[in-house]
**Student:** 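One structure is given below, represented as structure tokens, and several questions about it will come after.
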Amino acid sequence: QTFKHGHKIITEGDIGDAMYIIEEGECTVNIKGKGDVARLSRGKYFGEASLLDNVPRNATISAAGDVKVYKLDQNAFKDLVFNKMARPAQISLLLGQVPLLSKLDLQQRLRLASLMEENSFFDGEAIVRIGETGDCMYIVSEGTAVVSNQAGQQLATLRRGDFFGDLALLNNKPRAANVNAVLMSGSTKSADVVSTKCLKLRRDDFMKLVAGDLDRRTAPIELLLAQVPLMEGLPADRRTALAKAMVSKAFRQNDVIIKQ
């Protein structure tokens, strides 16, 4: 498809059903309240979250000059790719969307996928509660869930492919938010209806498979370092050395960590 300068290819808030790859030209990324936040050029892509589910667009992408893009719609992706993948491969694809797990190789993700269990939740049922000790993370595999704070204020809506609780893979700190299953808009409300399914990954399984070859003391630090752009290209042994050299420091509320 080709678009003229200024044409809005996708609009923030609209329900998405396709992703795009830029072949020629450039596009601007605009977020309400922030203005233009990025510029995308040839080879860059956007809208990929909509390949798995009909999710609202989180930004407006417009043509900056004449632009040519390739479009892949959700139905084609599911019919030709996702639905023909074995279940572990489907789960592996979802795992690749989690920043903490995105640097794992395919075999590691497939091994994790084989250990994950799918849990079903009824409409309104709590998946995690504030204050609970976390020992696993979840990926929404079907339906929706809502995230809320202690006061009951809704903070976000989660759909297929979204994840939560991932920091529990590294530590056992209490959960910081409530997550409850909820029926999708338009569905008949009933406490007896399964509204949401989530894939569950336990910390013990994660540490055994992913950190099995690492020092248990430095594994969480190494995994975090792998997400830092400056560090992601480092060989594993260099990241291990850096992790061992790092020192943990604690700060109280309002302490100044660095000064200009």
**Student:** For M19 versus L51, what's the shortest heavy-atom pair and its separation?
**Tutor:**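 Minimum heavy-atom contact is SD-CD1, 3.4 Å.
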
**Student:** Find the distance between CD (Q154) and CG (N178) and round it off to the nearest 0.5 Å.
**Tutor:**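 Q154 atom CD to N178 atom CG measures 12.0 Å (nearest 0.5 Å).
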
**Student:** Quick one: which of I127, V182, I139, V140 gives a side chain to side chain contact (heavy atoms under 4.5 Å, CB included) with L158?
**Tutor:**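 The single option meeting the side chain to side chain contact (heavy atoms under 4.5 Å, CB included) with L158 is V140.
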
**Student:** Using the test side chain to side chain contact (heavy atoms under 4.5 Å, CB included), find all partners of P174 that sit at least two apart in sequence or belong to another chain.
**Tutor:**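 With sequence neighbours excluded, P174 shows a side chain to side chain contact (heavy atoms under 4.5 Å, CB included) to no residue whatsoever.
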
**Student:** Backbone N or O of S195 within a donor-acceptor pair of the D123 side chain at under 3.5 Å?
**Tutor:**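 Checking the backbone N and O of S195 against the side chain of D123, no donor-acceptor pair under 3.5 Å is found.
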
**Student:** Is the side chain of T196 donor-acceptor paired with the backbone N or O of T144 at a distance under 3.5 Å, no angle test?
**Tutor:**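 Yes; judged by distance alone, with no hydrogens or angles, the pair exists.
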
**Student:** Partners of H5 by ring-ring contact (aromatic ring centres under 6.0 Å, His included), sequence neighbours excluded?
**Tutor:**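 Result, ring-ring contact (aromatic ring centres under 6.0 Å, His included) vs H5: none returned.
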
**Student:** So do the side chains of K4 and D66 get within less than 4.5 Å of each other, counting heavy atoms only?
**Tutor:**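 Contact flag for K4/D66 side chains = yes.
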
**Student:** Check ring-ring contact (aromatic ring centres under 6.0 Å, His included) between F3 and all other residues, then give those that pass, not counting sequence neighbours.
**Tutor:**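 F3 satisfies ring-ring contact (aromatic ring centres under 6.0 Å, His included) with H7 once adjacent residues are dropped.
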
**Student:** Ignoring hydrogens, what is the shortest heavy-atom contact between P56 and G13? Give both atom names and the distance.
**Tutor:**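 Shortest heavy-atom separation between P56 and G13 comes out as CB-O, 4.0 Å.
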
**Student:** Under 3.5 Å, which donor-acceptor pairs do the side chains of residues 71-88 form with other protein atoms, sequence neighbours left out?
**Tutor:**
from, atom 1, to, atom 2, distance (Å)
D73, OD1, N75, N, 3.2
D73, OD1, A76, N, 2.7
Q74, OE1, K78, NZ, 3.4
Q74, NE2, S50, O, 2.8
Q74, NE2, D53, O, 3.4
Q74, NE2, N54, OD1, 2.9
K78, NZ, L52, O, 3.4
N83, ND2, K78, O, 3.2
R87, NH1, Q90, OE1, 3.1
R87, NH2, E118, OE2, 3.1

**Student:** Got a sec, which residues hit side chain to side chain contact (heavy atoms under 4.5 Å, CB included) with E24, two or more places apart in sequence or on another chain?
**Tutor:**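 Result, side chain to side chain contact (heavy atoms under 4.5 Å, CB included) vs E24: K68.
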
**Student:** Can you list every pair that meets salt bridge (charged side-chain N to carboxylate O under 4.0 Å, His left out) and has a residue in residues 135-157, with sequence neighbours left out?
**Tutor:**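 Those involving residues 135-157 do not exist here.
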
**Student:** Scan for salt bridge (charged side-chain N to carboxylate O under 4.0 Å, His left out) pairs involving residues 40-51, sequence neighbours excluded, and state none if there are none.
**Tutor:**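 For residues 40-51, and leaving out neighbouring residues, the salt bridge (charged side-chain N to carboxylate O under 4.0 Å, His left out) pairs sorted by first residue read E23-R42.
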
**Student:** Side-chain heavy atoms under 4.5 Å apart, restricted to Ile/Leu/Val/Met/Phe/Trp/Tyr: what other residues fall into the cluster of I130, or is it alone?
**Tutor:**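 I130 clusters with nothing; isolated.
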
**Student:** Aromatic rings Y20 and F46: how do their planes relate, parallel, tilted or perpendicular, breaks at 30° and 60°?
**Tutor:**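 Y20 and F46: parallel rings.
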
**Student:** To the nearest 0.5 Å, what is the distance between OG (S92) and CD (Q108)?
**Tutor:**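 So the OG of S92 and the CD of Q108 are separated by 10.5 Å.
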
**Student:** Kindly list each side-chain donor-acceptor pair under 3.5 angstrom involving residues 29-36, sequence neighbours excluded, with atom names and distances?
**Tutor:**
from, atom 1, to, atom 2, distance (Å)
N30, ND2, D36, OD1, 3.0

**Student:** Answer yes if I91 and Y138 sit in the same cluster of Ile, Leu, Val, Met, Phe, Trp and Tyr residues linked by side chain heavy atoms under 4.5 Å apart, and no otherwise.
**Tutor:**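 In one cluster with I91: Y138, no.
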
**Student:** Q1 versus I9: any side-chain heavy-atom pair under 4.5 Å?
**Tutor:**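 Not touching, per the 4.5 Å side-chain cut-off.
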
**Student:** Checking one residue: F251. Which other hydrophobic residues are in its cluster under the side-chain 4.5 Å linking rule?
**Tutor:**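 Via sub-4.5 Å side-chain contacts, F251 links to I257, I258.
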
**Student:** Kindly work out whether a path of hydrophobic side-chain contacts (I/L/V/M/F/W/Y, heavy atoms less than 4.5 Å apart) joins L94 to F163.
**Tutor:**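 Yes, L94 connects to F163 through the hydrophobic network.
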
**Student:** Could you list the cluster mates of L106? Members are the ILVMFWY residues connected by side-chain heavy atoms closer than 4.5 Å, either directly or through other members.
**Tutor:**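 Its cluster mates, by chain and number, are L110.
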
**Student:** So, does D205 use its side chain to make a donor-acceptor pair with the main chain of R202 at under 3.5 Å?
**Tutor:**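 No.
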
**Student:** Looking at S141 and K197, would you say the former's side chain and the latter's main chain have a donor-acceptor pair under 3.5 Å?
**Tutor:**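 Side chain of S141 to backbone of K197: a pair is present.
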
**Student:** Could you tell me whether the side chain of N180 and the main chain of V146 form a donor-acceptor pair under 3.5 Å?
**Tutor:**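 Absent.
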
**Student:** If you count heavy atoms of other groups shown closer than 6.0 angstrom to CG of N58, is the number above 12?
**Tutor:**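 No.
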
**Student:** What are the two closest non-hydrogen atoms of F121 and A181, and how far apart are they?
**Tutor:**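 The answer is CB-CB, 3.6 Å.
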
**Student:** Apply side chain to side chain donor-acceptor pair (under 3.5 Å) to D14 and list each qualifying residue two or more places apart in sequence or on a separate chain.
**Tutor:**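 Listed in chain order: nothing, the list is empty.
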
**Student:** How far apart are the closest heavy atoms of V147 and A177, and which atoms are they?
**Tutor:**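 What the structure gives for the nearest pair is CG1-CB, 3.8 Å.
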
**Student:** Please check if M137 and V128 belong to a single hydrophobic cluster, counting links between Ile, Leu, Val, Met, Phe, Trp and Tyr side chain heavy atoms closer than 4.5 Å.
**Tutor:**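 No: no chain of side-chain contacts under 4.5 Å links M137 to V128.
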
**Student:** Is atom CZ of R39 surrounded by more than 12 heavy atoms (other residues, nucleotides or ligands) closer than 6.0 Å?
**Tutor:**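 Yes, CZ of R39 has more than 12 neighbouring heavy atoms, counting only those of other groups under 6.0 Å.
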
**Student:** State, to 0.1 Å, how close A145 and V179 come at their nearest heavy-atom pair, and which atoms those are.
**Tutor:**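 So the two residues come closest at CB-CG1, 3.9 Å.
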
**Student:** Within a radius of less than 6.0 Å around CD of Q150, do more than 12 heavy atoms belonging to other residues, nucleotides or ligands occur?
**Tutor:**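 Open: at most 12 neighbouring heavy atoms sit under 6.0 Å from CD of Q150.
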
**Student:** For C27 versus I61, what's the shortest heavy-atom pair and its separation?
**Tutor:**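 What the structure gives for the nearest pair is CB-CG2, 3.6 Å.
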
**Student:** Are I21 and I10 connected in a single hydrophobic cluster, I mean Ile/Leu/Val/Met/Phe/Trp/Tyr linked by side-chain heavy atoms less than 4.5 Å apart?
**Tutor:**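 No, because I10 and I21 fall into different hydrophobic clusters, even though each may have its own neighbours under 4.5 Å.
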
**Student:** Is the shortest side-chain heavy-atom distance between C136 and L201 below 4.5 Å?
**Tutor:**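 They are not in side-chain contact.
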
**Student:** So if you build clusters from Ile, Leu, Val, Met, Phe, Trp, Tyr with side-chain heavy-atom gaps below 4.5 Å, do F164 and L95 land together?
**Tutor:**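 Unlinked, F164 and L95 end up in two clusters.
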
**Student:** Is a donor on one side and an acceptor on the other found under 3.5 Å between the side chain of R203 and the backbone of G134?
**Tutor:**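 A pair under 3.5 Å: yes.
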
